[in-house]
Amino acid sequence: MPPSLLRRLKKKFGPKSNGNDDDIVSSSPSSSAAAAAQSAPLPSTEASSTAAAAAPTPAPAPAYTCHTCSSPISTSEIHIHTNRPLTGIRRYHKQCFVCLHCQAPIDPSTQPFIFEKVESNAATARPVNNNSNTCEVSPAKNTEVPFHKECYADHFGWICVVCEQPLPLTVPDFNPDGTKKEEGYKFEYLKHPFFEKERMCPYHAVSRQETTANNGTANTADDPPQQQQPLPRNDDHIGQIRRCAGCHRFEPLFAAETKHFIDVGDSDTGRCVCLACCRTIVTTSQDAQALWTKVVHFFEGPLGLITEVDTANGVSRKSMSDIPVLVVGSDALNDNLKQHSTGVHYQSSQIMTRGLCLSEHCPTSDEALGVTAILCLSGLPADLTASILAHEAMHAWLKLHPNFRYREQLPLRVEEGLCQLVAFLFLNDGLDPVEEDEGMMGFYAEEERQKQSLENESIPSDVKLRQYFKFCIETDQSVYGEGFRLAARAYASMGMQELLYYVALNHDFPPDNFS
């Protein structure tokens with residue numbers, strides 16, 4: 001075979017060379033390295049296991065943190081998990097889910113509990129002692145903390161004054177998906193219109209007749225008509241519960257006997273007074289005479305409505321001072337009221353049951369023959385008695401003044417409005433000031449009084465009682481209150497003298513834009 005042909009066949013079918021046709025290499029360096037790698041011995045399995053055992057294994061991170069004590073909660077530990085709209089998800093050790101009021105742990109499986117927002121200056125949680133696993137909790141500012149349901153009312157003072165038990169607490173309804181229809185819990189109670197802590201369970205308001213008709217069981221707190229009904233201030237009773245004749249607070253009927261109200265002697269009405277109103281109770285005409293002297297002085301001084309001597313165009317101090325003032329029981333007051341039922345006190349809502357001005361008139365002329373007596377209901381505190389006497393004194397002044405004729409009587413709203421205005425002004429400016437720190441029994445020593453005040457925070461002070469009596473006049477919704485508000489606006493713009501002169505001419509109050 002020719003040599004040139006042989007070279008061509010080798011070039012086409014023979015092994016590759018490194019650029020030199022004469023040096024034929026059977027493997028490249030790369031393939032040699034691969035072969036060397038394949039022939040290298042494998043590492044020992046025992047040696048690898050020993051090295052791995054020698055390396056430290058990191059501890060697993062805790063799954064959760066307790067919200068109360070900030071300690072870790074292991075993944076295997078049974079704990080309490082909450083999810084609140086305000087605070088989100090929280091987790092607690094079982095011993096750290098503690099009621100803020102009693103500091104005892106709460107077992108959610110058996111004990112109803114409530115979350116409530118509270119305010120505090122700091123947030124702390126610490127073990128009570130080394131031998132127990134319970135925590136003592138102080139809430140952070142503006143945070144939600146749990147309470148036992150029975151502790152919730154005690155902590156926030158939602159206690160019935162009648163039975164001294166927690167007020168009924170309603171649980172919100174839930175939607176089918178488990179969410180609440182309305183957030184929060186609600187107390188059901190009847191409330192005094194002025195004294196903030198004077199609250200009563202609704203079922204105490206059930207009358208004796210209703211209780212008998214229901215086989216001795218009162219309506220429950222869930223009855224809608226019983227929920228926070230406005231209470232008339234002049235009622236002596238609300239269902240089974242008597243009210244103080246002075247401040248209209250509820251009698252703690254089911255509390256200790258030392259807290260019960262004191263009967264004033266009206267067996268047919270069952271009237272009573274609380275311990276606060278009893279401090280200055282007026283029971284005799286002699287007691288009322290000192291108050292009447294203050295009223296007359298107020299008419300002469302600050303009001304300027306009477307003169308020192310008799311005049312043809314006014315009312316003298318002597319004619320007012322000589323009016324007999326009698327403190328009587330409800331029977332005597334009602335009997336005289338029936339005999340004078342055509343006067344301005346006819347069908348009144350409040351003052352007619354507490355005071356009455358009796359007068360005589362000549363049937364053939366417009367002149368008054370005189371005021372025969374002023375009657376005031378007995379068994380009322382001194383400030384309230386004084387305001388009633390001031391009210392009746394204004395009636396007497398209108399009857400005695402020649403500008404106000406008997407046959408041309410003022411409209412009920414106008415005359416009663418003027419009388420209520422004078423009663424309010426007398427409470428505000430005519431009585432001796434009451435010190436703020438006076439509250440409990442005035443005959444106690446200072447140390448004893450402070451002790452009693454701390455133990456009986458619900459007993460109002462004399463300052464608070466006087467504020468309530470003015471509040472009654474201001475907020476009365478009857479013709480008396482309507483007349484007072486109109487009279488007060490006119491008095492503020494023109495003073496007493498000009499107001500009475502306008503009323504004498506027009507038998508009405510001036511319009512708001514009158515100048």
Original post:
Which value, rounded to the nearest 0.5 Å, describes the distance between Leu377 atom CG and Leu356 atom CG?
Top reply: 11.5 Å
**OP:** Determine the minimum heavy-atom distance between Leu389 and Trp292, stating which atoms define it.
**Re:** O-CZ3, 3.6 Å
Original post:
Is the Phe250-His204 ring centre distance short of 6.0 angstrom?
Top reply: no
Original post:
Going through the distances and angles, do Val161 and Lys197 end up as a side-chain contact (heavy atoms from CB on, under 4.5 Å)?
Top reply: CA-CA 8 Å; Val161 297; Lys197 292 187 177 181; 5.9 Å; no
**OP:** Indicate the atoms forming the closest heavy-atom contact of Cys277 with Cys244, along with that distance.
**Re:** SG-SG, 3.6 Å
Subject >> Sidechain-backbone polar pair: His192 side chain, Arg199 backbone, donor-acceptor under 3.5 Å >> reply: no
Subject >> Aromatic plane relationship, His101 with His155 - under 30° parallel, 30 to 60° tilted, over 60° perpendicular >> reply: perpendicular
Original post:
Aromatic rings Phe115 and Phe113: how do their planes relate, parallel, tilted or perpendicular, breaks at 30° and 60°?
Top reply: perpendicular
Original post:
Taking Cys274 as the fixed residue, which of Pro460, Cys247, Pro252 is the one that meets the side chain to side chain contact (heavy atoms under 4.5 Å, CB included) rule?
Top reply: Cys247
Subject >> Inter-residue atom distance Glu482.CD - Leu486.CG, 0.5 Å rounding >> reply: 6.0 Å
**OP:** Using only heavy-atom distances, determine whether the side chains of Gln420 and His391 contain a donor-acceptor pair under 3.5 Å.
**Re:** yes
Original post:
What distance separates Leu380 CG from Arg271 CZ, expressed to the nearest 0.5 Å?
Top reply: 6.0 Å
**OP:** Report the C-alpha separation of Val325 and Glu392 in whole Å, then their side-chain angles, then the decisive distance to 0.1 Å, and conclude whether the side-chain contact (heavy atoms from CB on, under 4.5 Å) test is met.
**Re:** CA-CA 10 Å; Val325 176; Glu392 301 304 330; over 6 Å; no
**OP:** Please tell me if the side chains of Arg279 and Ile459 come closer than 4.5 Å, counting only heavy atoms from C-beta onward.
**Re:** yes
**OP:** Classify the ring geometry between Tyr468 and His248 as parallel (under 30°), tilted (30 to 60°) or perpendicular (over 60°).
**Re:** perpendicular
Subject >> Note, Phe509 side chain near Arg489 side chain (heavy atom, < 4.5 Å) >> reply: no
Subject >> Atom of Ile306, atom of Arg317 and distance for their closest heavy-atom approach >> reply: CD1-CA, 3.8 Å
Original post:
Given side chains that start at C-beta, do those of Cys201 and Gln165 come closer than 4.5 Å, heavy atoms only?
Top reply: no
Original post:
Are any of the side-chain heavy atoms of Leu418 and Trp397 separated by less than 4.5 Å?
Top reply: no
Original post:
What are the two closest heavy atoms between Val327 and Ala288, and how far apart are they?
Top reply: CG2-CB, 3.5 Å
Original post:
Where do Ile323 and Val296 land on the side-chain contact (heavy atoms from CB on, under 4.5 Å) test, with the steps shown first?
Top reply: CA-CA 10 Å; Ile323 298 175; Val296 174; over 6 Å; no
Original post:
Where is the tightest heavy-atom contact between Cys160 and Met200, given as atom of each residue plus distance?
Top reply: SG-CA, 3.8 Å
Original post:
Are any of the side-chain heavy atoms of Pro193 and Phe471 separated by less than 4.5 Å?
Top reply: yes
Original post:
Does the side chain of Leu421 come within less than 4.5 Å of Met394's, by heavy atoms?
Top reply: no
Subject >> Ile262 side, atom CD1; Ile281 side, atom CD1 - distance, nearest 0.5 Å >> reply: 7.5 Å
Subject >> Contact summary for Ala390 and Val422, nearest pair of heavy atoms >> reply: O-CG1, 3.8 Å
Original post:
How far does NE2 of His148 sit from SG of Cys102, to the nearest 0.5 angstrom?
Top reply: 5.0 Å
For residues 423-433, which side-chain N or O atoms pair as donor and acceptor with protein atoms under 3.5 Å away, sequence neighbours left out?
from   : atom 1 : to     : atom 2 : distance (Å)
Asn428 : OD1    : Lys470 : NZ     : 3.0
Asp432 : OD2    : Lys294 : NZ     : 3.1

Subject >> Min side-chain heavy-atom separation Thr385-Asp287 under 4.5 Å >> reply: no
**OP:** Tell me, with the steps shown, if His507 and Gln409 meet side chain to side chain donor-acceptor pair (under 3.5 Å).
**Re:** CA-CA 8 Å; His507 281 216; Gln409 291 187 4; over 6 Å; no
Original post:
Would you find a donor on one side and an acceptor on the other, under 3.5 Å apart, between the side chain of Arg485 and the backbone of Asp476?
Top reply: yes
**OP:** Hey, could you give me the OG1/CG distance between Thr372 and Leu358, rounded to the nearest 0.5 Å?
**Re:** 4.5 Å
Original post:
Mind checking whether Arg243 and Phe261 have side chains closer than 4.5 Å, heavy atoms only?
Top reply: no
Subject >> Within 6.0 angstrom of His297 NE2, more than 12 heavy atoms from elsewhere >> reply: no
**OP:** Test Glu196 against Lys191 for salt bridge (Lys or Arg N to Asp or Glu O under 4.0 Å), laying out the working first.
**Re:** CA-CA 8 Å; Glu196 190 64 30; Lys191 181 182 177 299; 3.7 Å; yes
Original post:
Is there a side-chain contact (heavy atoms from CB on, under 4.5 Å) between Leu499 and Val503 once you walk through the steps?
Top reply: CA-CA 6 Å; Leu499 171 59; Val503 170; 4.1 Å; yes
